[in-house]
Each structure stands twice: as C-alpha cells, then as structure tokens.
Amino acid sequence: MSVSENLEAVRNRIAEAARRAGRDPDGITLVAVTKTFPASVVEEAVAAGHTVFGENYIQDALSKTTQIPDATWHFIGHLQTNKAKTAVEHFDVVQTVDSERLAKELNKRAKNANKTLDVFVQVNVGGEEQKSGVEPDEVEPLLRRIAEMGNLRVKGLMTMPPFLEPEEVRPYFKRLRELRDALTGTGVDGVDLSELSMGMSGDFEVAIEEGATVVRVGTAIFGARG
Ligand SMILES: *Cc1c(COP(=O)(O)O)cnc(C)c1O
C-alpha cells in the first residue's frame, strides 16, 4: 500500500470512529508522524493532500521542517529546554509542555521570534515513572502559569498512555477527557482546552470514541519504523 492509500484508509477509519461516537469527522485533526522517515516520505504525503505532521526528535526533524516549511509541524517528543529555541523556529505547535521551566523558555523564545506558539500540556495519566508529562493534579497550576505567558497559546491536553491493548487504554483516554472537563469547569482564565491529543496507530479509534480531537498516527500511514 502506498502512503496515499494508507492516508485514505486512516482518514476513513477516523470518519467511521467519529460517526460511531456521534461526532463530526472534521473536528478531528490527523497528525501524520514522520519520525525516522526521510523528507521524500513527507513529500509523498503532501502530494496526497496531507499537510499536518508530527516529529519527536528535533535533530531528525530539521531537514524535513526546512524542506517542507509550509506544512504544519507539531513537536510531539520530549523537549529539552536547550532545544526550545530550535523548536520555536521550526514548529507551529509543541504538544509536550511538561514543566513551567520549559513553558517559560518557549515563551521567551517565541517572544524573541515575534510569534505566538500553540502548546498542549502533556499529562501523565498513567502515573508511570518513566513517562514524561505532568501529574493530573499539577495540570491546573501549570495552566495558570502558562496563561500569564503572552507568547504561548494553550490549545488543550495531550497524553501518551501506557502501552496496552486498545480497549485497555480506553480508561486513560477517558481520564484525560474527564480531567479536561473538570478544568474547564474551574475556568482557568485565558486558557482554551478544546483540544485533546490522544491516540496512535494502534488505538486512535478508541481515542476518538473517548473525545480525541487530535490523533498522532505514524505506522498506519508510513509503515513500520526501521
Ligand atoms: C511515534 C509516536 C506516535 C505515532 O506512533 P504510531 O504507533 O507509529 O502511530 C504518536 N505519538 C507520539 C508521541 C510518538 O512518539
């Protein structure tokens, strides 16, 4: 199967999952994850009409973000503070804000670049020690800090749940949505939490059923990573 056929198949599966959940498929953004693949593969997806991509290693991403600057680039990996400047220069969205320190640095760099950066707060819903992301009860204080930062615009929450079978991950997706709903109720001023980034190749349909508005899909589009 070609990238273009795979993209179409994934789009159809997204639409079916949305319909099952009584949701509008247009409310779901597909981030095509191109990590480890060359720029030529990104070009193939662009030729098939796709323009939103995700990368999780800054160094590996630069050749692609430079060659295909008109696409929308989401950073989805763990971001070190010393890479914040490069991330701001090359990415439109950083989905993995997991500390005030990182948020401050991104805000400073975005300000210097005279730009507003869209961000997601990454939440460790599984409470796993080795996973990045803030604990659920630390999300609200972090959002309050970010709300004061003039060059960051919060879009929502993101999570990488434990690596489990799709049905076993469902409770984690549900937890992220419930956390978002609870935070929306408390109304952190100036913060928009309409987006939920959750779901990958193995479980994006379950994520959509649980409210995902952004799914991050690599393998199902580009094949297995070497
Ligand atoms: C690699 C990656 C994905 C895509 O995973 P697939 O299983 O290949 O779809 C999604 N999100 C993050 C954060 C990733 O690192």
Side-chain angles (χ1 to χ4, degrees), residues 1-14 17 28-39 41-42 44-45 48 50-62 64-65 71-80 83 87 90-99 102 106 118-128 130-134 155-170 172-173 175-177 195-226:
M1 291 265 280
S2 66
V3 164
S4 126
E5 287 168 316
N6 289 342
L7 267 168
E8 170 149 7
V10 168
R11 286 199 201 104
N12 287 338
R13 286 169 61 191
I14 288 173
I28 295 153
T29 300
L30 170 61
V31 175
V33 179
T34 46
K35 66 182 179 208
T36 77
F37 288 100
V41 169
V42 183
E44 250 184 280
H50 197 77
T51 57
V52 186
F53 299 97
E55 282 284 333
N56 64 346
Y57 306 105
I58 289 281
Q59 220 48 47
D60 177 47
L62 296 188
K64 293 171 256 187
T65 57
T72 301
W73 289 98
H74 288 238
F75 190 78
I76 61 171
H78 179 64
L79 186 59
Q80 288 167 314
K83 298 273 168 53
H90 288 263
F91 287 84
D92 304 284
V93 186
V94 171
Q95 290 201 9
T96 46
V97 174
D98 60 358
S99 70
L102 176 60
L106 286 168
D118 286 343
V119 297
F120 287 64
V121 168
Q122 183 178 6
V123 186
N124 183 0
V125 280
E128 295 170 284
Q130 76 282 15
K131 279 267 169 75
S132 317
V134 299
K155 303 299 285 185
L157 306 178
M158 177 270 201
T159 197
M160 278 278 275
F163 193 72
L164 297 165
E165 293 300 313
E167 277 308 322
E168 293 171 330
V169 222
R170 187 184 292 277
Y172 296 96
F173 292 149
R175 203 171 294 167
L176 191 71
R177 169 170 44 88
E195 306 284 349
L196 288 177
S197 173
M198 53 190 198
M200 313 186 355
S201 290
D203 51 25
F204 67 85
E205 285 143 313
V206 172
I208 288 168
E209 288 167 13
E210 294 302 331
T213 63
V214 176
V215 293
R216 311 176 308 262
V217 179
T219 310
I221 300 169
F222 302 110
R225 288 177 289 272

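Each ligand, and each atom within it, is numbered from 1 in the order the structure gives.
Taking NE2 of His78 as the start and CE of Met160 as the end, the distance is 12.5 Å to the nearest 0.5 Å. For the atom pair Lys35 NZ and Lys64 NZ, the distance stands at 10.5 Å (nearest 0.5 Å). In this structure, the separation between CD1 on Ile28 and CG on Leu196 is 11.0 Å, given to the nearest 0.5 Å. In this structure, Asp98 CG and Gln122 CD are separated by 6.0 Å, a value rounded to the nearest 0.5 Å.
Taking distance alone, with nitrogen or oxygen atoms compared against 3.5 Å, Gly218 approaches ligand 1 more closely than that limit.
In Asn56, the part holding a heavy atom less than 4.0 Å from any atom of ligand 1 is the side chain.
The only option from Gln95, His50, Glu55 that meets the side chain to side chain contact (heavy atoms under 4.5 Å, CB included) definition with Val31 turns out to be Gln95.
With ligand atoms numbered from 1 in the order given, ligand 1 contributes 11 (N), 12 (C), 13 (C), 14 (C) to contacts under 4.0 Å with heavy atoms of Ile76. Applying the 4.0 Å criterion to heavy atoms of Val217 picks out, from ligand 1, the atoms 9 (O). Which parts of ligand 1 touch Ser201 is read off a 4.0 Å heavy-atom cut-off, strictly below it: atoms 6 (P), 7 (O), 8 (O), 9 (O). Each of the following atoms of ligand 1 lies closer than 4.0 Å to a heavy atom of Thr219: 6 (P), 7 (O), 8 (O), 9 (O).
Partners of Arg175 according to the side chain to side chain contact (heavy atoms under 4.5 Å, CB included) rule, which considers only residues two or more places apart in sequence or in another chain, are Val125, Tyr172.
At least one heavy atom of Arg225 sits closer than 4.0 Å to an atom of ligand 1.
Considering only non-hydrogen atoms, atom 2 (C) of ligand 1 lies nearest to Lys35 out of Arg216, Lys35, Met200.
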